[in-house]
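Each remark here refers to the structure printed beneath this line.
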2 protein chains.
Amino acid sequence: MADRKTAQPTMDDVAARAGVSQMTVSRVMSGKGYISEKVRDRVHAAALEIGYVQNRLARGLRSEETPLVAVVLPTLGNTVFTEVLSGITDALTAQSFRPVFGLTEYSEEREYELVRDLLSWRPSGILLAGLEHSAATRRAIASSRVRVAEIMDIDGAPISTAFGFSQISAGQVTAKHMLAKGHRKFVYVGSQGGSDLRAGKRLEGFRQTLREAGAALMSEVVSQQPSSMIEGRRMTAEILSRSDRPDAIYYSNDDLAAGGIMHCFAQGVSIPDDIAMAGFNGLPYLDALPIKLTTIKSPRYEIGRQAGQFLAMPAKKDGKTTPQLIDLGFELSVGQTC
Amino acid sequence: MADRKTAQPTMDDVAARAGVSQMTVSRVMSGKGYISEKVRDRVHAAALEIGYVQNRLARGLRSEETPLVAVVLPTLGNTVFTEVLSGITDALTAQSFRPVFGLTEYSEEREYELVRDLLSWRPSGILLAGLEHSAATRRAIASSRVRVAEIMDIDGAPISTAFGFSQISAGQVTAKHMLAKGHRKFVYVGSQGGSDLRAGKRLEGFRQTLREAGAALMSEVVSQQPSSMIEGRRMTAEILSRSDRPDAIYYSNDDLAAGGIMHCFAQGVSIPDDIAMAGFNGLPYLDALPIKLTTIKSPRYEIGRQAGQFLAMPAKKDGKTTPQLIDLGFELSVGQTC
DNA sequence: TTGAAAGCGCTAACAC
DNA sequence: GTGTTAGCGCTTTCAA
């Protein structure tokens, strides 16, 4: 066993070298059970000498528990999710858990495939974005009995525990603020062809508040492209070139809004006099822009961190926790654009 | 076996239901060996009915081969690495491989710990940033015989295969361009306290070219913070408030440079007349800024994609490939700032 | 405080 | 085409 040229050293090899049984090596490595210091040191020395690396596949197979968390996100092209992923990774790493992950590109079908595949690693937890998942996805997750966290959204029914804030309410708050500033003629600017369901909920809240105030959107401009500053700039230019100009634009996120700001700066359009703007996210780089954008600050990193922490909990047979929505809130950040 | 309440269904369960042997189920699932269509359909149906999910821990343990790739990156706070990670993920996903990953925050020690830990999953490949790694890291990787890809840098000796471009040359090209534009008084602006080794190499190339032209840096302003637009804006403001102003600033990356542009716009400083600028990366959002930044476009996504593809190759006992540097090049993008 | 035996769920190797 | 046997490297369980 020790001499297969092609194989990694195993506990048997360490045991042989240290003159103990394989089981003793296991105890030393996992730090469980009573071991004399003498033996412990001998084992550690032997392991180091032959370059032993534990095999987690074998460990996980036997103990039915892995320090692995499946992370399923829509995209990495949006700063929001990279910040969330940072939070997740930090929290998991602190508990010696690792994320294994995949991207859905906002497709429910891809999500299902990923979930199925990731489940085959018997992760102790799985993290999904949003509350909307196909029936097949829900079924696969339910029968696997992994711990589940859903993030970003709390407007709906979670599978188990959701960490986020109300997207609908974020839209409402923005609308209220813009109305209070005296704006009446609104245009909405979005991206991704509307496949971002959270953006859709914000728009829904925005529209609803407008309606209650007797106002309405003049139009919705939604690009098929992923969200980006340049797309925001392009759409803003298009809107401002119309004969019937709005007096305010609601962007589905900050990148698009920043593009709008850039257009106005380049063209000498005055904000908010000629056109008012509001975005969403509260990205750090906004502070560096020449004019401060009115936006909603969302606790992205914190959402990731808390969800990660939740998923990396020690496996204390947590019997059927009741579904829970954890509201991490958001904050209207009033800038100079509205 | 089939009735342990707490366990996932296994191939034995599927086999019992389909009235075949467990081995036949294995063959159907892995798509290897001859199976009659009748049996195949029965097995698939049975698997679906009881919600069977294969156990990759068991499979990997037995077959000594996992569709897992360890990805070790410095940070997700830099768009560069999120784009690289997108490329990696896309390439891996296309081959049904999954990334399992961790962040070093630019620490060699954290890198070592991560590498050790990730190796315990017996991944078929590992991906690292840069060419500089501790001796311990190199040793751990060598004795594990996983496939290795290093990314971003080719100025040095790779463990196996490196995908990137010459950072030193990027610095040189930038310096040459700025000199040609007639600038002589340079300041360098960096971040991260200099822990980004690739940025250091660019600076080295920049300095060297300056020296050959009889010029030199007036000073280097390096923030301890991570790179960001706001830090770039802050440092630029500081530099331009000095009595002895430079006529050009070389930023270690685009985020810092964009911050510089924002400062100048807000303060009415004229670019490039009052101050010239050059950055590095060629981030997409630059196109949306009111003035086009002179920078170096690096093939970040492509680097990730190619490295991912390399690591997800079918395991054809690739005997000791000689170390190789794959130069994916870069491109000077001349804008209006220099 | 240590060891021996059994077996987690799967696939390689061979039989039929 | 399909089944049988053995065993991957570890932890659980029980014994000493």
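The chains referred to below are lettered A, B, ... by the order of the sequence lines, with proteins before strands, and numbering in each begins at 1. Since the structure is predicted, the reported quantities are computational estimates derived from the model, not experimental observations.
Applying the side-chain contact (heavy atoms from CB on, under 4.5 Å) criterion to B/Ala16, with sequence neighbours excluded, gives no partner residue. A search for salt bridge (Lys or Arg N to Asp or Glu O under 4.0 Å) contacts involving B/Arg62 returns nothing, not counting sequence neighbours. Listed by chain and number, the residues in a side-chain contact (heavy atoms from CB on, under 4.5 Å) with B/Ile35 are B/Thr24, B/Arg27, B/Val28, B/Val39, B/Arg40 (sequence neighbours excluded).
Between the CG atom of B/Asp12 and the C1' atom of C/dC10 there is a distance of 10 Å, rounded to whole Å. In this structure, CG of B/Leu57 is placed 12 Å from P of C/dT11, rounded to the nearest angstrom. Per the geometry, CD belonging to B/Glu65 stands 17 Å off P belonging to C/dC10, to the nearest Å. One can place CE of B/Met23 at 16 Å from P of D/dG7, the figure rounded to the nearest angstrom. Here C/dC10 presents its C1' atom at 13 Å from CD of B/Glu64, a figure rounded to the nearest Å. Regarding B/Gln22, its CD atom lies at a distance of 13 Å from the C1' atom of C/dC8, rounded to whole Å. The distance from atom CG of A/Leu61 to atom C1' of D/dG9 is 9 Å, rounded to the nearest whole Å. Following rounding to the nearest Å, B/Arg27 (CZ) and C/dC10 (P) show an atom-to-atom distance of 15 Å.
In the region residues 31-43 of chain B, proximity to DNA chain D at under 4.0 angstrom, judged on heavy atoms, holds for B/Tyr34, B/Ile35, B/Ser36, B/Val39.
Listed by first then second residue, pairs satisfying ring pair (Phe, Tyr, Trp, His ring centres under 6.0 Å) with a partner in residues 58-116 of chain A read A/Phe101-B/Phe101, not counting sequence neighbours.
Among the atoms of the strands shown, base atoms are found under 4.0 Å from some heavy atom of B/Ser26.
A donor and an acceptor atom never sit less than 3.5 Å apart when one is taken from the side chain of A/Arg56 and the other from the base of D/dG9. Side-chain atoms of B/Arg62 stay outside donor-acceptor range of the base of C/dG9, with no qualifying N/O pair under 3.5 Å. The base of C/dG9 has none of its N or O atoms less than 3.5 Å from a complementary donor or acceptor on the side chain of B/Arg59.
The 5' end of DNA chain C is approached more closely, in terms of each residue's nearest nucleotide, by A/Gly19 than by the other of A/Gly19 and B/Met29. When each of B/Val20 and B/Arg122 is assigned the nucleotide of DNA chain D bearing its nearest heavy atom, the one mapping closer to the 5' terminus is B/Val20.
Overall bending of the helix from C/dT1-D/dA16 to C/dC16-D/dG1, expressed as the angle between end axes built from five pairs apiece, is 30° (10° steps).
Using modelled atom types, one finds a donor on one side chain and an acceptor on the other under 3.5 Å when comparing B/Ser120 with A/Arg56.
The closest donor-acceptor contact from the side chain of B/Arg300 to the backbone of B/Val80 lies at 3.5 Å or more, if one exists at all.
By the 4.5 Å heavy-atom criterion applied to side chains, A/Pro9 and A/Val14 are not counted as neighbours. For the pair B/Ser124/B/Arg147, no side-chain contact is recorded, criterion being any heavy-atom separation below 4.5 Å from C-beta on.
Between B/Val148 and the options B/Leu311, B/Thr161, B/Ile141, a side-chain contact (heavy atoms from CB on, under 4.5 Å) holds for only B/Ile141.
The listed nucleotides are C/dG3, C/dC10, D/dG9; the one nearest the side chain of B/Asn55 is C/dC10. When the nucleotides C/dC10, D/dT12, D/dG9 are ranked by their closest atom to the side chain of B/Met11, C/dC10 comes out on top.
Close to D/dG3, at under 4.0 Å from its OP1 or OP2, lies a side-chain N or O of B/Ser21.
Annotation for B/Glu105: atom CD counts as buried by contact number, over 12 foreign heavy atoms lying within 6.0 Å.
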